[in-house]
Protein chains: 2
Amino acid sequence: MTDVYKALADETRRLLLDELMQRDEQTLFELCTKLAMNHDLTPTRQAVSQHLGVLESAGLVRVERRGRYKLHTINTAPLAEIAERWPLRKAQQ
Amino acid sequence: MTDVYKALADETRRLLLDELMQRDEQTLFELCTKLAMNHDLTPTRQAVSQHLGVLESAGLVRVERRGRYKLHTINTAPLAEIAERWPLRKAQQ
DNA sequence: TTGACATGCAAGTGTTCACTTGCCTATTGT
DNA sequence: ACAATAGGCAAGTGAACACTTGCATGTCAA
């Protein structure tokens with residue numbers, strides 16, 4: 001169980017969430033490709049897999065196995081905790 | 001310049017933000033005391049000072065020097081970026 | 001003015017973390 | 001069946017990070 005805050009601490013993981021916002025149900029390989037194409041990042045497949053594991057452990061990504069494919073879907077619900085914990089105050093605007 | 005996400009990654013820093021939500025313009029020593037009282041944490045003064053430095057660098061804490069006191073105030077505005085970057089989708093609710 | 005108080009700076013240490021490497025398992029198509 | 005594809009496991013490495021220690025600076029009150 002990773003907490004949401006630690007999951008967001010890494011830029012690569014944030015970019016993975018960005019890509020999943022664009023389209024749900026993407027495989028590990030698709031996400032690796034998009035990191036390279038859209039962000040000039042070329043971590044190994046294992047590194048990306050570990051990042052997705054952290055995101056899943058934090059509840060930010062849901063996984064569904066379909067044959068030999070593992071499809072990843074974003075779940076932004078846990079992020080609500082952040083806005084609720086430190087709400088915006090009018091005086092600061 | 002620390003990014004907001006890294007600033008939130010540490011539990012002690014999150015608790016400091018919690019304490020600053022309760023009351024603005026607190027000194028380093030006040031915050032040290034509250035970490036001990038409310039959360040059973042006893043890091044050194046320097047450790048807490050460094051954490052406050054990270055929060056300030058991320059724009060989450062504003063500082064005002066008043067004589068020998070340094071008063072810390074929370075600024076939750078940077079957190080809005082998170083909710084905007086990965087908005088909640090109806091289908092997930 | 002001098003001692004107490006509030007904070008700052010900087011080097012050193014141990015742990016956490018991202019990443020790689022190497023090998024293994026499972027599924028699919030021909 | 002078997003080669004190709006998609007993914008998994010686990011140990012090892014280097015860097016980033018939280019934290020401490022020791023000393024220095026600046027402010028205030030008696």
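Computed from a predicted structure; not experimentally measured. Each chain gets a letter, A, B and so on, in the order its sequence line appears, and its residues count up from 1. FYI, side chains are in, hydrogens and waters are out, and symmetry mates aren't considered; it's all heavy atoms of this structure.
- The shortest side-chain heavy-atom distance between B:His72 and B:Glu64 does not fall under the 4.5 Å cut-off.
- Rounded to an integer number of Å, the gap from B:Leu28 CG to D:dT27 P is 17 Å.
- Interface residues of residues 4-22 of chain B facing DNA chain C, ordered by number: none; criterion, heavy-atom separation under 4.0 Å.
- OP1 or OP2 of D:dA6 has not a single side-chain nitrogen or oxygen of A:Thr27 nearer than 4.0 Å.
- With hydrogens and angles left out, the side-chain atoms of A:His39 and A:Glu19 include a donor and acceptor closer than 3.5 Å.
- The heavy-atom pair separating B:Ile74 from B:Asp24 by the smallest distance is N-OD1, 3.6 Å.
- Contacts with DNA chain C (heavy atom under 4.0 Å) in residues 50-62 of chain A: A:Gln50, A:His51, listed by number.
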- Scan nucleotides 23-30 of chain C nucleotide by nucleotide, 5' to 3', and note B when protein non-hydrogen atoms come under 4.0 Å of the base, S if they reach only the sugar-phosphate, - if neither. ----BS--

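- By the 4.5 Å heavy-atom criterion applied to side chains, A:Leu55 and A:Leu20 are not counted as neighbours.
- Each of A:Gln46, A:Glu56, A:Arg14, A:Arg13 was scored for a side chain to side chain donor-acceptor pair (under 3.5 Å) with A:His51, with one residue passing: A:Arg13.
- Rounded to the nearest 0.5 angstrom, A:Leu17 CG and A:Thr76 OG1 are separated by 9.5 Å.
- In this structure, B:Phe29 and B:Val48 have side chains that are not in contact, with every pair of non-hydrogen atoms separated by 4.5 Å or more.
- Within the structure, a side-chain polar atom (N or O) of B:Lys70 is placed less than 4.0 Å from OP1 or OP2 of C:dG8.
- Under 3.5 Å, the side chains of B:Gln26 and B:Lys34 contain a donor-acceptor pair of N or O atoms.
- The distance from atom CD of B:Gln26 to atom C1' of C:dT7 is 16 Å, rounded to the nearest whole Å.
- The two residues B:Ser49 and B:Leu28 have their closest heavy-atom pair at N-CD1, 3.7 Å.
- Distances shown here put a side-chain N or O of A:Thr44 below 4.0 Å from the OP1 or OP2 atom of C:dT20.
- Put simply, the side chain of B:Asp10 does not reach to within 4.5 Å of the side chain of A:Tyr5, judged on heavy atoms.
- Taking all atoms of both residues into account, the shortest heavy-atom contact from B:Arg62 to B:Asn75 is NH2-ND2, 2.8 Å.
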